[in-house]
Amino acid sequence: MLKKIIQEEQIQKAKKYIEKGNSFVIIAHVAPDGDALGASLGLFHYLNTCGKDKVTVVAPNCFPAYYRWMPGAKDMVIHERYPDFAEQLILEAEVIFCLDFNEPKRAGKLSETLTAAKGRKIMIDHHLHPANFCRVIMSYPEISSTSELIFRFICRMGMYDAISKPAAECIYTGMMTDTGAFTYNSNKPEIYTIIAELLKKGIDKDLIYRKVYQVYSESRLRLMGYVLNEKMKVYPQQHTALITLSQEELKRFQYTTGDTEGFVNLPLSIDGIEFSAFIREDPDCVKVSLRSVGDFPCNEFASRYFGGGGHKNASGGEFFGSPADAVEAFEKALNESGPDKRIGQTYRISEG
Ligand code: 5GP
Ligand code: MN
């Protein structure tokens, strides 16, 4: 029996919206990750199982190829490809789920449509400080993935039996990817109670791991080698490392979406490094990814210097300018607010 995390009133309201609703849109955040996809598709399968036939998952833009196997992924509507259709679906939906994000801005180019839409909006999310744009807000930052919240939500409606194997596969994928395959934010025993339930639904967790983490291209692995050998800058005094990649370098290694996933975590395997940044030149902006181990709140760093946010140990933001300017801004920020500035709170394994 799981502890009750989600407030009863929220469950009842959302349940009523589902029962009465005919058309549903589930929105994932921009650059959907495994959790955004897992939560969205998990809920999608659940609603289908309940007999709801007008359910669409809409994402602002593409997701990495290694998530294409996820059941239902092929039926998603990507706004970047079909803008008019995606917007029409959102504007006409009676119920709109906003999953794994806490403010309209995170829906990227869908944010205006989402704000304008009249359907009943339900947020299910685990990011701090949810904006007030939904009728029902289930926001639980202490839970490590939105996918876990979807499992809890369905069970609390008394509908465990309606979780199909495809739904369970999606939910597991989100739980796995938002915890780095259960290597961080994953000490709560109930996570494993839920995994046991998902296994009973017939999922093959080892296969899901392989489908997500062991399907990269040769050029991606070579890019990783290049990054580690030539592009990683270490700031020993600040217990920090930085990797930067330009468009030219990405093209040289035939970059496709998702190829740099996980790069930001690599420097954290160095003893003494507790903060890692990855700066990537994208076509429309410079993307900044931040990770930390221990107490250093990289979400505060992301929001203060890069207009972003996220979780304590995993966050991101954007920079508008050249990659060189982004590095300069990062180094200035590091000097102001790096881990070494939080005397007494730093986390160093070697010092035990
Ligand atoms: P990633 O580095 O994998 O792109 O993002 C890690 C986490 O940081 C995401 O799950 C999300 O919570 C947060 N994040 C990344 N980019 C942004 C951003 O531009 N704005 C905000 N608010 N959060 C972001
Ligand atoms: Mn998430």
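Each ligand, and each atom within it, is numbered from 1 in the order the structure gives.
Between Y17 and V136, the closest heavy-atom pair is CE1-CG2, 3.8 Å.
Listed by atom number, the atoms of ligand 1 under 4.0 Å from H127 heavy atoms are 11 (C), 12 (O). Against a heavy-atom cut-off of under 4.0 Å, K287 is close to the following atoms of ligand 1: 15 (C), 16 (N), 17 (C), 18 (C), 19 (O). Residue-ligand proximity, S289 to ligand 1, at heavy-atom distances under 4.0 Å covers atoms 1 (P), 2 (O), 4 (O).
Among heteroatoms of the N, O or S kind in D100, OD1 lies nearest the Mn ion (ligand 2). For D178, the N/O/S atom at the shortest distance from the Mn ion (ligand 2) is named OD2.
Ligand 1 has no N or O atom lying under 3.5 Å from any N or O atom of E261, backbone or side chain. Between V288 and ligand 1, no pair of N/O atoms sits closer than 3.5 Å. Among the atoms of E318, none of the N or O lies under 3.5 angstrom from an N or O of ligand 1. Residue L290 has no nitrogen or oxygen atom sitting less than 3.5 Å from a nitrogen or oxygen atom of ligand 1, judged on distance alone.
Relative to the six-membered ring of Y226, R252 meets both conditions, a distance below 6.0 Å and an angle of at most 45° to the axis.
Within 6.0 Å of atom CD in E328, 12 or fewer heavy atoms from other residues, nucleotides or ligands are found, so the atom counts as exposed in its surroundings.
In this structure, I5 and R156 have side chains that are not in contact, with every pair of non-hydrogen atoms separated by 4.5 Å or more. For the pair Y160 and K200, the minimum side-chain heavy-atom distance is below 4.5 Å.
Considering the Mn ion (ligand 2) as centre, the angle to OD2 of D35 and to NE2 of H126 is 100° (10° rounding).
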